[in-house]
Amino acid sequence: MRKKFNNKQQRPNTRPHSAVMLDGPDRAPSRAMLYPTGFKTADFGKPIIGVASTWSNVTPCNMHIDELARLAEAGTNKAGGKAIVFNTITISDGISMGTEGMKYSLVSREVIADSIETVVGCECMDGFVAIGGCDKNMPGCMIAIARMNRPAVFVYGGTILPGCIMGDSRKLDIVSVFEAVGAHANANLSDKGLEQITACAIPGPGSCGGMYTANTMASAIEAMGMSLPGSSAQAAISSAKKKDCREAGASVLNLLKLGIKPRDIMTKKAFENAITVVIALGGSTNAVLHLLAMAHAAGVNLNIDDFTRIGKKVPVLADLKPSGKYLMSELVAIGGIQPMMKTLLRAGLLHGDCLTVTGRTMAQNLAKAKLYRKGQKIVQPMSRPIKKDSHLVVMYGNLAPGGGVAKITGKEGMSFTGTAKPFDSEEKAMKSILEGRIKKGDVIVIRYEGPKGGPGMREMLGPTAAIMGAGLGNDVALVTDGRFSGGTHGFVVGHITPEAYSGGALALVKRGDSITIDAELRQLVLNVSAKELAKRRKAWRKPRPRYTKGVLAKYASAVTSASLGAVTDDHLEV
């Protein structure tokens, strides 16, 4: 809803921060420093709008964002502001997956949020655009936006196009490569076949192509109202994405004029809209972790049980990878998520009165959205959902008294009881899988990979993809205090709290124990008596920290549990 001002009301100050830094004779040194960066005299009277770019050549997800940042800069300047482009880091999950380097992945979310906050705060920016294109820099941007509470718009860098092999009809992506590794290890794929897939799966810029974490978070942020309509469903290299960037800066200036700040938009209802859309899309379990962290930064009381409450009434509608058939680029081709959101709104599953960065409500934004064309098969109608309730299942039990998060589409079945094979690291589990030592009926337990114990809560895409590649996807389960890539599918439960390093029951599991995962009862049970568990707990000794210096040690000392979003500033609240 647009804010209106009468003649007796004072319009919002569009330079609440930059004026303090730049106005008056005593601020001449500040102005002098900015002349060589391209400022003209007239620019000092304009709102200063930051453009937080996550560009780097570390990953294809972000390799094009420097161009997008320049487009956002141009759009800001044309609309009457003065843009300043600055950078923050990014890392690549896909490249570091399965290595010690992956422990820095979730840590980077906090570094990104801290760095954007630092620049925006230090340089007295009146508002900013944040452009993210990979899993952690997106929630990192949003955490900074919520903390600073200055007019801001998030821009998604866009999805990658599918890869292909000449003469092969398959549409490839990064998960195709991970699963090819499992097939190769089981002699179901030749060396040449593996190299063909490896060389062709990633054709250019953009985020991983299924409804994995990047596309999930982009969709959640749009549903929350913090990006412009359509931003989440655009190809990285497209005219639509260029237009999105140009309009973002102008939208920040409009928010300044209207006096609308992020926390006016990021309300409890807005987070509920985000959860609803994530469920309907069959999105990543990482959405739970990141939305909790974003809500914490925004001062919104969101908890893991909200996902259960909302999930009981929201169906899975989109048949997207990893558990489905289609890629994000194919969803883009039929209109993106706006038609689906309009359907959800009509069904009473979205809060249409939520404010958005357009200055209008969600219902107003969706009023002109066209429904999907007849005959498309990617998004199912409400009357024929893929799953009648959420695929994101929060589980409790003696193995996860603080909760665990499963991704159960129903294709895997709704319950699994099997024999535990515990491993004290991802590497040990991966070695066992690739050597063919995992059999039908096993429950792989990967522990000491939690936020504190890892530290950093690595994603288990390597093991889950190897299981799929070995043809055991329907016959083997995996539980961990780590987390999963958005590309993971199968019978898996992560985020187990308390984690093993903190003395959780996961640390007490022994080879041969029986474990039951029940998605209908939402239970995760170690079928061992309380008396026996007490005996094991008495004998258990906490491992020594894996890191005692540097960013991983600092992170491990500060981070909360996965059930709280794995945030690092919770202990600072008074």
Side-chain angles (χ1 to χ4, degrees), residues 91 93 96-111 136 285-286 288-289 292-293 304 395 397-405 420-432 443-464 478-485 488 492-511 513 515 524 526 533 536-568 570-571:
I91 55 87
D93 293 354
S96 63
M97 195 78 68
T99 73
E100 195 75 359
M102 185 62 188
K103 292 181 178 179
Y104 290 90
S105 171
L106 190 56
V107 177
S108 76
R109 185 189 73 182
E110 311 308 303
V111 176
K136 306 310 166 300
T285 53
N286 280 316
V288 179
L289 195 72
L292 290 172
I304 56 172
M395 295 183 172
N398 67 347
L399 198 52
V405 180
K421 283 194 175 176
F423 301 92
D424 289 350
S425 71
E426 178 187 358
E427 287 85 353
K428 291 177 181 178
M430 190 67 172
K431 186 173 185 291
S432 187
V443 178
I444 301 169
V445 175
I446 303 178
R447 60 194 176 195
Y448 298 111
E449 292 286 4
K452 288 182 178 292
M457 206 179 178
R458 286 192 287 184
E459 292 179 349
M460 302 298 148
L461 179 56
T464 58
L478 190 153
V479 299
T480 181
D481 50 8
R483 58 197 175 93
F484 296 109
S485 161
T488 287
V492 297
V493 188
H495 305 201
I496 291 177
T497 305
E499 61 177 285
Y501 184 79
S502 298
L506 206 66
L508 310 180
V509 177
K510 290 187 176 182
R511 188 180 181 91
D513 285 347
I515 293 176
L524 181 60
L526 177 60
L533 286 179
R536 293 182 189 181
R537 187 175 300 282
K538 190 174 181 179
W540 177 77
R541 296 294 179 268
K542 187 174 186 174
R544 297 178 65 181
R546 293 184 178 178
Y547 292 85
T548 57
K549 293 183 182 297
V551 68
L552 290 178
K554 286 191 287 186
Y555 181 84
S557 69
V559 69
T560 62
S561 76
S563 290
L564 297 176
V567 298
T568 56
D570 190 65
H571 66 292

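Numbers here simply count residues along the sequence, with the first being 1.
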Which heavy-atom pair separates [X] from [Y] by the least distance, and what is that distance?
X	Y	answer
I91	S108	CG1-OG, 3.3 Å
A500	A507	O-CB, 3.7 Å
I304	G402	CD1-O, 3.7 Å
P451	A562	CG-N, 4.0 Å
A429	I444	CB-CG2, 4.3 Å
R536	D513	NH1-OD2, 2.7 Å

Practice problem: Walk me through it: do V559 and L106 pass the test side chain to side chain contact (heavy atoms under 4.5 Å, CB included)? | Solution: CA-CA 11 Å; V559 69; L106 190 56; 5.9 Å; no
Practice problem: Before giving the answer on side chain to side chain contact (heavy atoms under 4.5 Å, CB included), spell out for L292 and L564 the whole-Å C-alpha distance, their side-chain angles and the decisive distance to 0.1 Å. | Solution: CA-CA 6 Å; L292 290 172; L564 297 176; over 6 Å; no
So do the side chains of [X] and [Y] get within less than 4.5 Å of each other, counting heavy atoms only?
X	Y	value
K421	S432	no
R511	P422	yes
V445	I515	yes
S563	H495	no
P463	L478	yes
N286	F484	no
P401	P498	yes
E499	L506	no

Quiz item: By side-chain contact (heavy atoms from CB on, under 4.5 Å), which residues pair with S485, not counting sequence neighbours?
Solution: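 M97, E459, L461, T488.
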Quiz prompt | Under 3.5 Å donor-acceptor, R483 side chain and M457 backbone | solution =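 Pair found, side chain donor or acceptor close to backbone of M457.
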Exercise. Identify whether the distance between the nearest side-chain nitrogen and carboxylate oxygen of K103 and E426 falls below 4.0 Å.
Key: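 No salt bridge links K103 with E426.
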Practice problem: Walk me through it: do E110 and T568 pass the test side-chain hydrogen bond (donor to acceptor under 3.5 Å, both in side chains)? | Solution: CA-CA 7 Å; E110 311 308 303; T568 56; 3.2 Å; yes
Quiz prompt | Derivation and outcome, side chain to side chain contact (heavy atoms under 4.5 Å, CB included), residues L289 and R109 | solution = CA-CA 11 Å; L289 195 72; R109 185 189 73 182; 4.2 Å; yes
Exercise. Using side chain to side chain contact (heavy atoms under 4.5 Å, CB included) as the criterion, point out the one residue from T480, I446, L524 that pairs with I496.
Key: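 Filter result, single survivor: L524.
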Practice problem: Output the distance between atom CZ (R458) and atom OG (S425), rounded to the nearest 0.5 Å. | Solution: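 R458 atom CZ to S425 atom OG measures 6.5 Å (nearest 0.5 Å).
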Could you list the donor-acceptor pairs under 3.5 angstrom formed by side chains in residues 538-546, with sequence neighbours left out?
from, atom 1, to, atom 2, distance (Å)
W540, NE1, Y448, OH, 2.9
R541, NH1, K538, O, 3.0
R546, NH2, D424, O, 3.2

Quiz item: Would R447 and V509 count as a side chain to side chain contact (heavy atoms under 4.5 Å, CB included) if you check the C-alpha gap in whole Å, the side-chain angles of each, and the deciding distance to 0.1 Å?
Solution: CA-CA 10 Å; R447 60 194 176 195; V509 177; 3.8 Å; yes
